[in-house]
Amino acid sequence: MNILVTGGLGFIGSHTVVELLSAGHTPIIVDNLVNSKLEVLNRIQKITGVRPAFTELDVADEAALDKVFEKQPIDAVIHFAGLKAVGESVGKPLEYYSNNLCSTLTLLRCMKKHGTKNLIFSSSATVYGVPPSLPIKEEFPLGETTNPYGTSKAMIERILTDFSKANPDFNIALLRYFNPIGAHASGELGEDPNGIPNNLMPYITQVAVGRRDHLTVFGDDYETPDGTCVRDYIHVVDLAIGHVMTLKKLMENPGLVIYNLGTGKGSSVFEVLAAFEKGTGVKIPYVVGPRRAGDLPFLYANCDKAYKELGYKATRTVEDACRDAYAFQKKNPNGIQ
Ligand code: WQD
């Protein structure tokens, strides 16, 4: 099938394009390169032998996006495109809301106009806010999000829910990612954030290759087994495979569905550091600093629904992700150039 992948040169998007190709689909990538690089297209070609169609555009640019829909029939869309840095979003609410919401509204208008009725949306566990209990289930209500990034994801879920009610012939899946980490085993694709990494794994790998002096652990005085926060880290390749499996289900399942994509297992920061050392042989120097505002002690998924309805289960371990993330960073010490 022809699958339009918005943000398809990004971290999760590019790994998903690789899995779509290996499943025999035809991905068509659009990306505005605000947080990705054209070189990623060469890396996808190097891994798969296929150079997917690519158009540089902003998804909010309706005329440009319309041309892509005119060019060939689009069977489904996987919508990754969006600004996603939690910390940055606090200082740039207007940019985050207009970019993330307008691009989605524009995409929906184009899909309706051209009769494309299948959509997978890249959502986030952030929409749960402070969960009422653990592990987190899909039926939990949307929570109090604490930053414009997370709120924009929750708003888009609301938009898609209302859109689905008004358009029952559309098939929509909201995929709520927990903590994506790792890289493609080839070392050609991986997490390559601009500037100082907000997230744990890219910071660790940049320390491992000597780009950063040490890791600061944001607090070791939480009510958790070792005092550091616990998260559900899912290998990005497992996450990508989850999208391909959702695609299959989408066609059989009119209406709107929601799935957690995680492992169902929580790991603390110290456990990630131990897994990194075990998987790579590299010991990461760290200092314990103050807690980071907004961090919750525990966040991990109940993944029963994706397993029951999609037959989906993440198989790669945190150690696998550490090894793959390090291999990518070693091959690309200064990121993808
Ligand atoms: C994980 C743990 C930190 C960096 C975020 C977004 C979420 C999703 C995934 C998009 C926490 C600790 C981190 C560091 C540290 N993104 N840490 N030192 O905050 O769970 O989730 O990324 O959808 O929306 O909120 O991930 O990797 O930032 O932090 O100690 O330098 O690592 O305190 O406990 P988080 P993270």
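Heavy atoms only: backbone and side chains are in, while hydrogens, waters and symmetry mates are out. When a ligand or atom number is given, it counts from 1 through the structure's own listing order.
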Engineer: Taking only distance into account, with no hydrogens and no angle test, what donor-acceptor pairs under 3.5 Å do side-chain atoms of residues 128-135 form with protein atoms, sequence neighbours excluded?
Structural biologist:
{"residue": "Tyr128", "atom": "OH", "partner": "Arg176", "partner atom": "NH1", "Å": "3.0"}
{"residue": "Tyr128", "atom": "OH", "partner": "Asn260", "partner atom": "OD1", "Å": "2.6"}

Engineer: Mind listing the side-chain donor-acceptor pairs of residues 20-33 below 3.5 Å, one per line with the distance, residues two or more places apart or on another chain?
Structural biologist:
{"residue": "Ser22", "atom": "OG", "partner": "Glu19", "partner atom": "O", "Å": "3.1"}
{"residue": "His25", "atom": "ND1", "partner": "Met1", "partner atom": "N", "Å": "3.3"}
{"residue": "Asp31", "atom": "OD1", "partner": "Leu33", "partner atom": "N", "Å": "2.8"}
{"residue": "Asp31", "atom": "OD1", "partner": "Ser36", "partner atom": "OG", "Å": "2.9"}
{"residue": "Asp31", "atom": "OD2", "partner": "Leu9", "partner atom": "N", "Å": "3.0"}
{"residue": "Asp31", "atom": "OD2", "partner": "Ser36", "partner atom": "OG", "Å": "3.3"}
{"residue": "Asn32", "atom": "OD1", "partner": "Val34", "partner atom": "N", "Å": "3.0"}

Engineer: What are the two closest non-hydrogen atoms of Ile234 and Thr263, and how far apart are they?
Structural biologist: CA-CG2, 3.9 Å

Engineer: Do you know the tightest heavy-atom contact between Tyr233 and Ser267?
Structural biologist: CE1-O, 3.5 Å

Engineer: Compile the donor-acceptor pairs under 3.5 Å between side chains in residues 291-302 and protein atoms, sequence neighbours left out, one pair per line.
Structural biologist:
{"residue": "Arg291", "atom": "NE", "partner": "Asp221", "partner atom": "OD1", "Å": "2.9"}
{"residue": "Arg291", "atom": "NH2", "partner": "Asp221", "partner atom": "O", "Å": "2.9"}
{"residue": "Arg292", "atom": "NE", "partner": "Asp295", "partner atom": "OD1", "Å": "3.2"}
{"residue": "Arg292", "atom": "NE", "partner": "Asp295", "partner atom": "OD2", "Å": "3.1"}
{"residue": "Arg292", "atom": "NH1", "partner": "Asn198", "partner atom": "O", "Å": "3.2"}
{"residue": "Arg292", "atom": "NH2", "partner": "Asp295", "partner atom": "OD1", "Å": "3.1"}
{"residue": "Asn302", "atom": "OD1", "partner": "Asp304", "partner atom": "N", "Å": "2.9"}
{"residue": "Asn302", "atom": "ND2", "partner": "Asp304", "partner atom": "OD2", "Å": "3.4"}

Engineer: State whether Lys46 and Glu188 are salt-bridged, where the test is any N-O pair (Lys NZ or Arg NE/NH1/NH2 against Asp/Glu carboxylate O) under 4.0 Å.
Structural biologist: yes

Engineer: For ligand 1, list the protein residues that place a heavy atom within a distance below 4.0 Å of one of its atoms, sorted by chain and number.
Structural biologist: Val86, Ser124, Thr126, Tyr149, Asn179, Asn198, Asn199, Leu200, Leu215, Thr216, Val217, Phe218, Cys229, Arg231, Tyr233, Val269, Arg292, Asp295

